[in-house]
Trainee: 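Mind looking over this structure? Questions follow.
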Amino acid sequence: MTCVLIGDSLAVGIAQHRAECINQAQVGRSTAETVAKIRQVPGNAQQVIVSVGSNDHLPAKTPLQVWIDQFQILRIQLGSASVTWILPNKQNQAREAIAIVAREHGDCVLDSRPWVGRDHVHPTANGYRNLAQKTQTTYDSNSCVNK
């Protein structure tokens, strides 16, 4: 199976526990930067794990549709791969927009909040391990967990 992780530091942390996956995530990467790098995702990717939104610093009054549009562009570029989105711990508008886009495409969504660490952004070491296991389970069972 070809598995690819894209996005920000949450994806980087998950990659440490999914050695079989290609890690194209980078700490600090925004959604716009992820979209710019999307061409690097192999066309034969069977599972794509996406963590974006934490580093998107849009003004507080940005309409939800602006958030939805940026995630929709990213999702369309991923094609027909099985996609699992990791919700950021903060950025409530990003969380809501990701859930809308994921639902529209039949994607899975995993919430990182249950495993958040002291910085209130990143999961604990055990949290990353749990998220990695859930991304594998989601793919193996062809059904969403924690949707």
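All values derive from a computational prediction rather than experimental measurement.
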Trainee: Would you mind listing every salt bridge (Lys or Arg N to Asp or Glu O under 4.0 Å) that reaches into residues 57-80, with sequence neighbours excluded?
Mentor: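 Sorted result for residues 57-80: R75-D107.
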Trainee: Under the salt bridge (Lys or Arg N to Asp or Glu O under 4.0 Å) rule, what pairs show up with a residue in residues 84-99, not counting sequence neighbours?
Mentor: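 Listed by first then second residue: R95-D111.
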Trainee: Got a second to check how far W85's CH2 is from L78's CG, nearest 0.5 Å?
Mentor: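 The CG atom of L78 is 6.5 Å from CH2 of W85, to the nearest 0.5 Å.
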Trainee: For the OG1 atom of T2 and the CD1 atom of I22, what is their distance to the nearest 0.5 Å?
Mentor: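 Output value for this atom pair is 6.0 Å.
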Trainee: Indicate whether the side chain of E104 and that of Q72 have a donor and an acceptor atom separated by less than 3.5 Å.
Mentor: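 Q72 and E104 do have a side-chain donor-acceptor pair below 3.5 Å.
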Trainee: Using the rule given for side chain to side chain contact (heavy atoms under 4.5 Å, CB included), can you reason through F71 versus D56, listing the C-alpha separation, both sets of side-chain angles and the distance that settles it, and then say yes or no?
Mentor: CA-CA 11 Å; F71 299 129; D56 297 348; 4.1 Å; yes
Trainee: Identify the two heavy atoms, one from D8 and one from A25, that lie closest to each other, and give their separation to 0.1 Å.
Mentor: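 Looking at all heavy atoms of both residues, the shortest contact is O-CB, 3.6 Å.
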Trainee: Any chain of hydrophobic side-chain contacts (each under 4.5 Å) joining V83 to V35?
Mentor: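 Yes, it is one cluster - the side chains of V83 and V35 are joined through contacts under 4.5 Å.
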Trainee: Between H122 and S9, is any pair of side-chain heavy atoms under 4.5 Å apart?
Mentor: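 Of all side-chain heavy-atom pairs linking S9 with H122, at least one is under 4.5 Å.
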Trainee: Mind checking side chain to side chain donor-acceptor pair (under 3.5 Å) for H17 and listing every partner two or more places apart, or none if nothing turns up?
Mentor: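 Side chain to side chain donor-acceptor pair (under 3.5 Å) check on H17 returns nothing, list empty.
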Trainee: Please name the residue in the list I100, I73, I98 that meets the side-chain contact (heavy atoms from CB on, under 4.5 Å) test with I68.
Mentor: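 Of the listed options, the one satisfying the test is I100.
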Trainee: Which pair of non-hydrogen atoms, one from R113 and one from N92, has the smallest distance, and what is that distance?
Mentor: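 Nearest heavy atoms, R113 then N92: NH2-OD1, 2.7 Å.
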Trainee: Is a side-chain N or O of Q70 found less than 3.5 angstrom from the main chain of T31, in a donor-acceptor match?
Mentor: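 Answer holds: no.
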Trainee: Between T84 and V48, is the side chain to side chain contact (heavy atoms under 4.5 Å, CB included) condition met? List the steps.
Mentor: CA-CA 6 Å; T84 301; V48 179; over 6 Å; no
Trainee: Using the side-chain contact (heavy atoms from CB on, under 4.5 Å) rule, pick out the option among L87, L10, L131, I49 that qualifies with L110.
Mentor: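 With L110 as partner, L87, L10, L131, I49 yield a single side-chain contact (heavy atoms from CB on, under 4.5 Å), made by L131.
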Trainee: What residue pairs, at least two apart or across chains, pass salt bridge (Lys or Arg N to Asp or Glu O under 4.0 Å) with a residue in residues 76-85?
Mentor: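 As it turns out, there is no salt bridge (Lys or Arg N to Asp or Glu O under 4.0 Å) pair with a partner in residues 76-85 once direct neighbours are skipped.
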Trainee: Closest heavy-atom contact between P88 and A94?
Mentor: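 Residues P88 and A94, closest heavy atoms: CG-CB, 4.3 Å.
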Trainee: If you measure from CG on N23 to CD1 on I14, what distance do you get to the nearest 0.5 Å?
Mentor: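 CD1 of I14 is found 10.0 Å from CG of N23.
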Trainee: Taking side chain to side chain donor-acceptor pair (under 3.5 Å) as the test, write out the residues that go with S54, two or more places apart.
Mentor: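 Once residues adjacent in sequence are excluded, S54 has no partner under the side chain to side chain donor-acceptor pair (under 3.5 Å) criterion.
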Trainee: Between R18 and T135, is there a side-chain heavy-atom distance shorter than 4.5 Å?
Mentor: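 Answer yes - side chains close enough.
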Trainee: Suppose we screen for side chain to side chain donor-acceptor pair (under 3.5 Å). Which residues come up paired with Q16, at least two apart in sequence or across chains?
Mentor: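 Result, side chain to side chain donor-acceptor pair (under 3.5 Å) vs Q16: none returned.
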Trainee: Taking all non-hydrogen atoms of both residues into account, name the closest pair between G7 and T34 and its distance.
Mentor: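 Looks like CA-OG1, 3.5 Å.
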Trainee: Not counting sequence neighbours, which residues clear side chain to side chain donor-acceptor pair (under 3.5 Å) with Q91? List them please.
Mentor: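 Q91 satisfies side chain to side chain donor-acceptor pair (under 3.5 Å) with no other residue.
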Trainee: Can you tell me if N55 uses its side chain to pair, donor with acceptor, with the backbone of S30 under 3.5 Å?
Mentor: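 No, N55 side chain to S30 backbone: no donor-acceptor pair under 3.5 Å.
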Trainee: To the nearest 0.5 angstrom, please state how far the OG atom of S112 sits from the OH atom of Y128.
Mentor: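 Reported value, rounded in 0.5 Å steps: 8.5 Å.
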Trainee: How many angstroms lie between CD in Q47 and CD in E20, if you round to the nearest 0.5 Å?
Mentor: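 Spacing of CD (Q47) from CD (E20) equals 8.0 Å.
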Trainee: Rest of the hydrophobic cluster containing V27 (Ile/Leu/Val/Met/Phe/Trp/Tyr, side-chain heavy atoms under 4.5 Å)?
Mentor: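 Other cluster members: V12.
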Trainee: Would R29 and K37 count as a side chain to side chain contact (heavy atoms under 4.5 Å, CB included) here? Give the steps.
Mentor: CA-CA 10 Å; R29 188 174 276 167; K37 300 289 186 182; 3.9 Å; yes
Trainee: Find the distance between SG (C108) and NZ (K134) and round it off to the nearest 0.5 Å.
Mentor: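 Interatomic distance, C108 SG to K134 NZ, rounded to 0.5 Å: 11.5 Å.
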Trainee: Please tell me if the side chains of L74 and V101 come closer than 4.5 Å, counting only heavy atoms from C-beta onward.
Mentor: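 In short, these two side chains do not touch, never coming nearer than 4.5 Å.
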Trainee: State which residues pass side chain to side chain contact (heavy atoms under 4.5 Å, CB included) with N130; sequence neighbours excluded, sorted by chain then number.
Mentor: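 Expected list: W115, N126, Q133.
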